[in-house]
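First comes the structure, then the notes that go with it.
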2 protein chains.
Amino acid sequence: MSTRGLPAPVAPSSRDKILDVAEVLFARRGFAGVGMREVAEAAGLGKSSLFHHFRSKAQLYLAALERVLRRLDERLAPALASSLGPAEKLDRFTDALVDALAEQASAARLLLRALFEDDAFDAEAWPEGQSVERRIEAILAGITGLLHDGIEAGAFRRTSPAHVVQTLIGATVYHFASGEFGEGLLGGPLLSAQAVATRKAELKSFLHCGLAARPAQSERRETKWTS
Amino acid sequence: MSTRGLPAPVAPSSRDKILDVAEVLFARRGFAGVGMREVAEAAGLGKSSLFHHFRSKAQLYLAALERVLRRLDERLAPALASSLGPAEKLDRFTDALVDALAEQASAARLLLRALFEDDAFDAEAWPEGQSVERRIEAILAGITGLLHDGIEAGAFRRTSPAHVVQTLIGATVYHFASGEFGEGLLGGPLLSAQAVATRKAELKSFLHCGLAARPAQSERRETKWTS
DNA sequence: GTCTATATCACGATAGAC
DNA sequence: GTCTATCGTGATATAGAC
């Protein structure tokens, strides 16, 4: 019958191998910094064979990014779908996010590029680009909605969900994308089990405290959060 | 006699003009994504004239980055040099950092690239690269030392200064580098006076609370928050 | 200091044999 | 599907006139 839906652990297709090396290379040096020749050679193919699987460099880049986002979404969705309270849900979300980013450093770097670079090509012109856009929006809607619900339920203090999301992205995506610089700063590896656990605890400690609902008395004097 | 040490506001040299456009272009599309021809034309020069001022593309990139770091250091140094307590010092440092990054968005982007990209060229081979390295280390030493002193003095809870620095970088440098994405998420401009003030308040609120020294009893009460 | 012209090379993408 | 060969373009960088 069909093998659809089943992973193929023994025989990775050429397409998957190309995506693997493209993900690593694009993460390291960005879209413009990687040549199709380099990707092809790293995947063990000729350059023309690569263009048989992906019609253009932009399509390859977007396909690699889309795969990263798909895997990330698969890791985050269970945390958001659980029927826990907002605080516990946010903890699970944070754990899942950190685990997913720490599992593969190239994913964090590629994701960071997607979030702050104005891509030179027109992403919307490719179907992969639209898929990328939709996946980003879905993930953002999930975490933003969680924060919003928590505020409405009184579990979090009244703050700006968007600003918290930006802080969360910076504290996770940037952290695991920081590579050599981050390791030099920490004085050790970024991706060891211990370093990941420390990061998780540190981050949750900040979130726990920074989002905790407070007595109205100690609330900010200028409580006009516009966004 | 000499004009050394005086700014020249009326007659910007060709070199300064080149650095201006290089900073913007490299920030937007990275080292590999910008051509020397594009820089030259944006600066109103011929391509060969550009190579008269900067011997290579790598030197131009590093010079632009070095200028960004120099200006940032000038803004941060007063906050660190003040004779305030650790908490107030950190507040001033945060204000200065946010103001400096918000003042010019290209600076934040170029700085973010410097922190997470493994540059394709050998930065150490150029004198500008060594200067970049020294300036980054100086800034890091300043904020890390401030956090360390605050912990020793009992003003901050006992945590990892390096992790706090990473969180701080993510919450500031990434935030102001996020450009179109960040504006879409916030639903408004990133760099307006109001948005900058909101970001400052949000960030200091997180820091204030996340770093506050706590009674030893509540220090490790993570049963409610950890799954 | 700025220019025109050029050297040399790598790029993305295509054609067509096998 | 993979290959060799090639097209057209634009890259960094240099040479030398003015």
Side-chain angles (χ1 to χ4, degrees), chain A residues 3 8 10-65 113 117 119-123 125-129, chain B residues 3 8 10-65 113 117 119-123 125-129:
Chain A
T3 60
V10 263
S13 66
S14 286
R15 192 188 150 90
D16 288 335
K17 182 137 196 153
I18 292 169
L19 285 174
D20 287 340
V21 304
E23 181 180 318
V24 172
L25 289 175
F26 283 135
R28 264 212 289 261
R29 294 202 298 280
F31 178 77
V34 178
M36 292 296 263
R37 176 184 181 175
E38 188 180 3
V39 175
E41 286 181 357
L45 276 76
K47 194 172 53 167
S48 295
S49 304
L50 208 165
F51 277 95
H52 172 80
H53 294 277
F54 299 93
R55 269 179 281 173
S56 75
K57 186 183 176 183
Q59 191 188 27
L60 173 59
Y61 182 82
L62 291 169
L65 178 58
R113 289 188 186 278
E117 289 183 337
D119 300 312
F121 52 87
D122 184 11
W126 299 88
E128 288 84 357
Chain B
T3 61
V10 263
S13 67
S14 286
R15 192 186 152 92
D16 288 336
K17 180 134 195 157
I18 292 169
L19 286 175
D20 286 339
V21 305
E23 180 180 317
V24 172
L25 290 174
F26 282 135
R28 264 214 288 262
R29 295 202 297 280
F31 177 77
V34 177
M36 292 295 264
R37 176 183 179 174
E38 189 180 1
V39 175
E41 287 182 355
L45 274 77
K47 197 173 46 172
S48 293
S49 305
L50 209 165
F51 278 97
H52 172 78
H53 294 277
F54 299 93
R55 268 177 289 174
S56 76
K57 187 183 173 182
Q59 191 189 26
L60 173 59
Y61 182 83
L62 292 169
L65 178 58
R113 290 188 185 278
E117 289 183 336
D119 300 312
F121 51 85
D122 184 12
W126 299 87
E128 288 85 357

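Note: hydrogens, waters and symmetry copies are ignored here, and every other heavy atom, side chains too, is used. Throughout, a chain's letter reflects where its sequence line sits, starting with A, and its residues are numbered from 1.
A heavy-atom distance below 4.0 Å to DNA chain D is reached by these residues of residues 53-61 of chain B, ordered by number: B:S56, B:K57. Less than 4.0 Å separates DNA chain D from at least one heavy atom of each of the following residues of residues 38-52 of chain A: A:L45, A:G46, A:S48, A:S49, A:H52.
Between the CH2 atom of A:W126 and the P atom of C:dG12 there is a distance of 13 Å, rounded to whole Å. Remark: C1' of D:dA11 and CZ of B:F121 are 16 Å apart, rounded to the nearest angstrom. Look at CZ on A:R29: it is 14 Å from C1' on C:dC11, rounded to the nearest Å. For the pair A:R37 CZ and C:dC9 C1', the computed distance is 10 Å after rounding to whole Å.
OP1 and OP2 of C:dG1 both lie 4.0 Å or more from every side-chain N or O belonging to B:S14.
Annotation: the span from A:S48 atom OG to A:H52 atom NE2 amounts to 11.5 Å, rounded to 0.5 Å. Rounding to the nearest 0.5 angstrom, the gap separating the CG atom in A:L60 from the CD atom in A:E23 is 11.0 Å.
The two atoms that bring B:V21 and B:A43 nearest to each other are CG2-CB, 4.0 Å, heavy atoms only. Among all heavy-atom pairs drawn from B:A22 and B:V39, the shortest one is CB-CG1, 4.4 Å. Closest non-hydrogen pair, A:F51 versus A:S56, comes out as CE2-CA, 4.3 Å. The minimum heavy-atom distance between A:G33 and B:A32, with the atom names listed, is CA-CB, 3.4 Å.
Between A:E117 and B:R113 there is a salt bridge, with a side-chain nitrogen of the basic residue lying less than 4.0 Å from a carboxylate oxygen of the acidic one.
Using a 30° and 60° split on the angle between ring planes, A:F26 and A:F31 fall in the parallel class, below 30°.
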